[in-house]
Structure formats: structure tokens, C-alpha cells
Amino acid sequence: MDLNKQPLVTQPPRLSERFLTWCLPSSLKEPIVGDLAEEYQQKLEHENVLTAIVWYQRQAFKTAIRYLWQTKRGVLMFILGLLTFLATLTMAIMWSGHWSIFINIPSFLLVIPPAILLTIGICSAQTCKTALRLLFDNELQPDITELKAAKHVYRMLGNCSLWLGTMGMVLGAVAIATNIEPEAFSDAFGPAFAVATLTMLYALILKVFCYIGEQKIQHLIICNKD
């Protein structure tokens, strides 16, 4: 297909533009994004669409990277901390045995989806969305009431997961005690108990993430008071 005959894409690539806007300081957002958009329009007039898009994406990425550490240092360190925790957890799982022994779909479904749905039902979807954005968007300017509501989201989600995980582990223990025959106890107890405790493991992992989120919101509350 001849790219020169395609309809012109008058708007810059949306994802690249959003990433650039996210990385730039507030004072430079409008002038830099506006200048790039104008140059993009000029590229479309003289070159094909693909060339203009590639040019815009390259320029947007180079400019965004230049300001990323300056404007998003706290967010990057937060993400690095989360990735370090996940890497450590993954290594611990791999060293403990085959990774498949730590996966159990019913245990996961008993803890994670109900905890999320209960939190959304109690705190509202908009409050949960704001709480998530506060972890990664330093430019939000919430008031103290919104910060406290966001903190409550993470506390609610973490506590729900722990209670659901405890309930799942107790249900598993009851099932083990009821269904395992005495002559097969030594062979069946270990695997059955491992599956029962996976609900608590999933709950604890979610609780760790919620604790991290709650403490970041608490830091924002302290800074807001100052």
C-alpha cells in the first residue's frame, strides 16, 4: 500500500504524547508538546504518515528520557522498590522448589478478586482509582480528605485479603481433617496443607503491596500538613 495515499493522521501518536506529557515539568508541558505537534504537522505535509509517526515517537522519547529522572525520581524509586520485592519473592519461590507448587487457582480466586470487589464496593471505584494514581503521579494535588480516603483504600484492601486468606486456610484445614483417612495421613497431609496455606500466602503478598501503598499515602498526608 502506498503510504502517501493514506489519510493524514493529524494527531500525534497518543501514547507517545501522554508519556512525554507525564515526564515533562509542568512549566514545559505546553510549549514542548505544542512545538512537537506543530513539527509533526509539517512532517505530514512533506513526508508519508509512517515517517512522521516514527519521527515523533523518537523525538518524544528522547525528550521524555531527558526529564524523566528530574521529574519522576520518587516514582522511579518506588517502582524500583516494588520490582526488587518481586524479584526477591520470585527467587525465594524458585529456591523453595518448582514454581508450580505455589500456584493454585481456587486459592487465588478465594482471596484476590473478593478483596478487590469488597474494597471497590465500600470505598467506591473513583476513590480506588485516585488511590492508585497517587502512587505514580506526583502532579496530583489532592486535599487532605482525598488522601485519607486513598489511605483507607489500601488499609481496607490489605485487611480484607488477610481475613479472606485466614478464612481460606481454616476452610482448608477443616477439609483436610475431615477427608484424609488415617492410613493415608502421612502421604496426603503435606500436599493438602500446602494448598490450604496458599490462600494465606496470596493474602500476605497483597497485604505487603497495600502496606507500601498505605505508607506512601501517609507520607503525602504528612507533607500536606507541613
Is a side-chain donor or acceptor of [X] paired with a backbone partner of [Y] at a separation under 3.5 angstrom?
| X | Y | result |
| --- | --- | --- |
| K207 | L162 | no |
| T119 | V153 | no |
| K129 | S124 | no |
| Y67 | L28 | no |
| S161 | A115 | no |
| H219 | Q215 | no |
| K29 | L24 | yes |
| S16 | P13 | no |
| T90 | L86 | yes |

| query | Think K43 forms a cation-pi with Y56, using NZ or CZ under 6.0 Å from the six-ring centre and within 45 degrees of its axis? | reply | no

| said: Assess the residue pair F108 and I103 against the criterion (side chain to side chain contact (heavy atoms under 4.5 Å, CB included)); give the C-alpha distance rounded to whole Å, side-chain angles, the decisive distance to 0.1 Å, and a yes or no. | reply: CA-CA 8 Å; F108 179 87; I103 297 178; over 6 Å; no

| With a 4.5 Å limit on heavy-atom distance, are the side chains of C160 and M156 in contact? | yes

| task | Decide whether T127 and T130 meet the rule of one side-chain donor and one side-chain acceptor closer than 3.5 Å. | result | no

| task | Would you sort out whether V208 and L204 count as a side chain to side chain contact (heavy atoms under 4.5 Å, CB included), showing the intermediate values? | result | CA-CA 6 Å; V208 169; L204 288 172; 5.6 Å; no

Taking all non-hydrogen atoms of both residues into account, name the closest pair between [X] and [Y] and its distance.
| X | Y | result |
| --- | --- | --- |
| L68 | W22 | CD1-CZ3, 3.7 Å |
| Q41 | Q11 | NE2-N, 4.4 Å |
| L20 | A64 | CD1-N, 3.8 Å |

In one Ile/Leu/Val/Met/Phe/Trp/Tyr side-chain cluster, 4.5 Å: [X], [Y]:
| X | Y | answer |
| --- | --- | --- |
| L198 | M94 | yes |
| L76 | L82 | yes |
| M200 | V170 | no |

| query | Hey, would you say the Y154 and Y211 ring centroids sit under 6.0 Å apart? | reply | no

| query | Is it true that atom CH2 of W163 has more than 12 heavy atoms of other residues, nucleotides or ligands lying nearer than 6.0 Å? | reply | no

| message | A quick test of your reading: do over 12 heavy atoms of other residues, nucleotides or ligands sit less than 6.0 Å from CG of L80? | response | yes

| Spacing of CG belonging to L110 relative to CE belonging to M167, to within rounding of 0.5 Å | 5.0 Å

| query | Can you tell me how far the OG1 atom of T51 sits from the NE2 atom of H46, to the nearest 0.5 Å? | reply | 13.5 Å

| query | Yes or no on side chain to side chain contact (heavy atoms under 4.5 Å, CB included) for K216 and I212, after CA distance, side-chain angles and deciding distance? | reply | CA-CA 6 Å; K216 179 162 187 180; I212 294 171; 5.8 Å; no

